[in-house]
Amino acid sequence: MDLLYLNTLQNLTLLPGSFVGQCIDQLNALYDMELNVYVEFGNKSLFDNLMPTRVPGIPTLRISNATLQLVLNGNFSERALTIIFLEDAHALSMVSYLTTWLWRAQQLHVLIIYPAATPGKLFQLFAHCWRQGLVHILVVLPRTQELYSYMPYPKLRLLEMATTLQYFNRTRGLLWDFHGFEITCGILPSGAPRAFLFRDHRNRVIYAGYMLRMILDFISHYKGSIRTRTLDTLKEANEALSSRFVDFLPYLLAETPNFTGSVVLWHENSFLMAPSARLLPRYMYLLKPYDWVTWLACLAMLIYCSAALFLLSRGRRTLSGAFLEILRLTLFLPPGRDLIAPPAPRRLLLYTIMTVAGLMLTNLYLAQLSSNLAAGLYERQLNTFDDLEGTDYELPQEEVELNFLHKLPDLHPQLAKRLVVTPEQLVDKYRLELNTSMLHNGFEDSIEFALYQQKFLRVPLFHKLPKIIYQQPFFMPAAYGRPYLKIFNWYVRRMFEGGILLKMKSDGFAHGIQSGRLRFVNRARYQEVNSNDLEYYYAAAGVWLCGILLSTACFIYESWLGSSSRLTEGV
């Protein structure tokens with residue numbers, strides 16, 4: 001071993017134009033590096049001989065304390081080259097340290113100087129790096145002046161490099177072809193419209209959902225293959241991501257330390273779906289053409305004109321007779337025998353005024369009543385969260401989402417008191433079935449997906465409230481250490497900027513109908529407008545019955561008075 005160190009020391013004590021120094025210089029130039037990081041464990045004398053190979057003008061960071069674990073991401077320039085002198089005694093600890101150092105930056109380049117390398121050791125080293133998502137690894141054998149890297153697709157194999165330029169071409173070309181490499185994607189039962197599967201009329205499996213289509217197009221473009229796994233709950237999905245059981249999960253999840261994600265494309269808004277206003281009972285239609293102010297004005301007019309006619313008749317009419325005559329003129333009914341003889345000028349003026357007013361009031365009432373019967377009258381619409389006051393609607397939520405909503409500092413009280421824990425499958429089922437007995441919430445894509453079913457309804461069953469509940473960054477959840485995540489970020493950015501995602505979202509509506517998850521609603525029972533409904537006559541029948549009872553009571557009372565007076569006269 002001492003002889004090996006001496007030989008290595010002799011090779012590394014050359015001028016900066018040595019093989020190792022040339023490799024570092026060429027990598028800095030090819031990738032336009034802004035930082036060189038030297039990680040030293042073990043024999044410091046050998047490592048110190050690497051320091052003269054630093055390129056002047058490029059900042060250098062030297063890490064020599066294994067207990068002090070630094071992280072590159074967010075702390076230093078990510079256009080960095082990490083240089084490691086590897087010894088067999090420190091191989092595992094060095095790779096473990098390197099994984100933490102490049103946390104969330106696995107796509108960065110690492111130059112490993114490995115004097116004691118053999119094909120078996122190199123294969124073991126590259127296999128460990130591949131499991132951690134480290135793909136841009138270049139190993140230098142200083143004694144033999146050889147360069148080695150590896151190709152992960154479709155299976156791991158060693159690549160011997162003649163120059164650093166060949167390594168540069170490998171990172172730019174070979175890694176962008178997956179050669180059929182299998183990428184695993186998790187699917188949740190409530191994943192629509194983001195990701196769902198179904199079989200068409202030819203029994204072919206159709207991959208639907210715009211987030212799933214993003215992954216499929218990415219895999220197809222880089223010649224990979226996909227494997228799907230069904231995950232039953234959000235908890236199971238989080239565990240699958242943290243354990244790297246799946247690579248991607250096409251679903252909107254809140255960021256947690258258990259997984260990473262793609263680049264953020266936009267902020268998705270969470271909205272509330274509220275049932276549209278219901279039709280009023282038919283018996284109330286007779287009262288609705290006039291508001292309460294108009295009815296009060298009509299009543300005041302009837303009382304005032306009845307009193308005026310009673311006074312003008314000078315005792316020839318009773319007060320009730322004057323009221324019935326004014327009411328008849330107000331309803332624009334024929335005057336009958338009251339106008340056989342020409343009335344006095346004051347009475348004629350009163351008749352003229354009441355006839356004109358009756359014509360206007362009657363036609364206005366009938367016009368509004370006909371319009372209401374044709375279009376229908378509805379209850380007060382729920383347009384804000386405050387409008388929920390006085391209603392008994394509940395808001396079903398899965399447990400994870402409910403706990404998250406309760407932690408929001410500005411959650412509206414009307415929403416907070418209506419949250420009810422519900423199984424995840426039922427939450428999605430109630431929303432897609434447009435269950436009008438409760439409220440529903442979701443991100444904008446889920447709301448639009450569910451509301452698409454009422455496209456052909458004249459009056460919708462549900463409507464989206466404009467107030468936002470909360471926002472969440474839109475990204476693709478992914479497992480840590482995926483080496484192709486940087487390529488995926490580049491691809492989805494171009495997809496988003498080109499407007500392809502909008503087309504994918506619109507295709508998801510058609511797939512929802514085709515799969516049976518969505519069904520066009522062609523009639524709403526409680527919102528059907530029928531102008532000849534028997535319920536409409538309930539109020540008229542009630543008024544008629546009250547009149548009959550009142551007239552019967554008056555007739556009995558008058559008969560009793562007449563019989564009493566005859567008995568008095570006989571006595």
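Along the sequence shown, the residues carry numbers beginning at 1.
- Qualifying ring pair (Phe, Tyr, Trp, His ring centres under 6.0 Å) partners for Phe475, counting only residues two or more places apart in sequence or in other chains: none.
- Inter-residue side-chain proximity for Met476 and Pro250 is flagged as met; some heavy-atom pair is nearer than 4.5 Å.
- For the pair Asn203 (side chain) and Arg199 (backbone), a donor-acceptor distance under 3.5 Å is absent.
- Between Tyr167 and His109, the angle of the ring planes goes over 60°, which puts this pair in the perpendicular group of the 30/60° scheme.
- For the pair Trp266 and Leu501, the minimum side-chain heavy-atom distance is below 4.5 Å.
- Checked against the 6.0 Å centroid threshold, Tyr150 and Phe123 do not count as a close aromatic pair.
- By the neighbour-count criterion of 12 heavy atoms within 6.0 Å, atom NZ of Lys121 is densely surrounded, having more than that number from other residues, nucleotides or ligands.
- Cation-pi contact between Arg517 and Phe198: absent, since separation from the ring centre below 6.0 Å together with deviation from the ring axis within 45° is not met.
- Side-chain N or O atoms of Asp247 include one that pairs as donor or acceptor with a backbone N or O of Thr184 at under 3.5 Å.
- Side-chain N or O atoms of Glu424 include none that pairs as donor or acceptor with a backbone N or O of Glu398 at under 3.5 Å.
- Results of the side chain to side chain contact (heavy atoms under 4.5 Å, CB included) test with Val246 over Arg227, Arg229, Glu239 single out Arg229 as the only residue that passes.
- Side-chain contact between Arg482 and Arg244: present, with at least one pair of heavy atoms (C-beta onward) separated by less than 4.5 Å.
- Listed by chain and residue number, Tyr452 satisfy the ring pair (Phe, Tyr, Trp, His ring centres under 6.0 Å) test with Phe509 (two or more places apart in sequence, or in another chain).
- The closest side-chain heavy-atom distance from Phe496 to Met214 is not below 4.5 Å.
- At least one side-chain heavy atom of Phe462 sits less than 4.5 Å from a side-chain heavy atom of Leu451.
- Separation of the Tyr470 and Phe404 ring centroids falls under the 6.0 Å cut-off.
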Run Phe126 and Tyr148 through ring pair (Phe, Tyr, Trp, His ring centres under 6.0 Å) and show every step you take. CA-CA 10 Å; Phe126 289 143; Tyr148 283 94; 7.9 Å; no
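- Inter-residue side-chain proximity for Ile183 and Ile226 is flagged as unmet; no heavy-atom pair is nearer than 4.5 Å.
- Electrostatic pairing of Arg194 and Asp445 counts as a salt bridge here, judged by a charged N lying under 4.0 Å from a carboxylate O.
- Under the 3.5 Å distance criterion, the side-chain polar atoms of Thr422 are matched with a main-chain donor or acceptor of Val420.
- Ring centroids of Phe178 and Phe218 are separated by less than 6.0 Å, placing the two rings close together.
- The number of heavy atoms from other shown groups lying within 6.0 Å of CD (Gln381) is above 12.
- In summary, the aromatic rings of Phe443 and Phe474 are positioned with their centroids too far apart to meet the 6.0 Å limit.
- Listed by chain and residue number, Lys464 satisfy the salt bridge (charged side-chain N to carboxylate O under 4.0 Å, His left out) test with Glu444 (two or more places apart in sequence, or in another chain).
- For Gln425, the CD atom counts as densely surrounded, since its 6.0 Å shell holds more than 12 non-hydrogen atoms of other residues, nucleotides or ligands.
- No side-chain heavy atom of Asn258 sits less than 4.5 Å from a side-chain heavy atom of Leu241.
- A distance of 10.0 Å separates OG of Ser270 from CG of Leu252, quoted to the nearest 0.5 Å.
- At a threshold of 4.5 Å between non-hydrogen side-chain atoms, the residues Arg79 and Tyr31 do not count as touching.
- Residues Phe181 and Trp130 bring their aromatic ring centres within 6.0 Å.
- Within a 6.0 Å radius of CD in Gln166, other residues, nucleotides and ligands contribute more than 12 heavy atoms.
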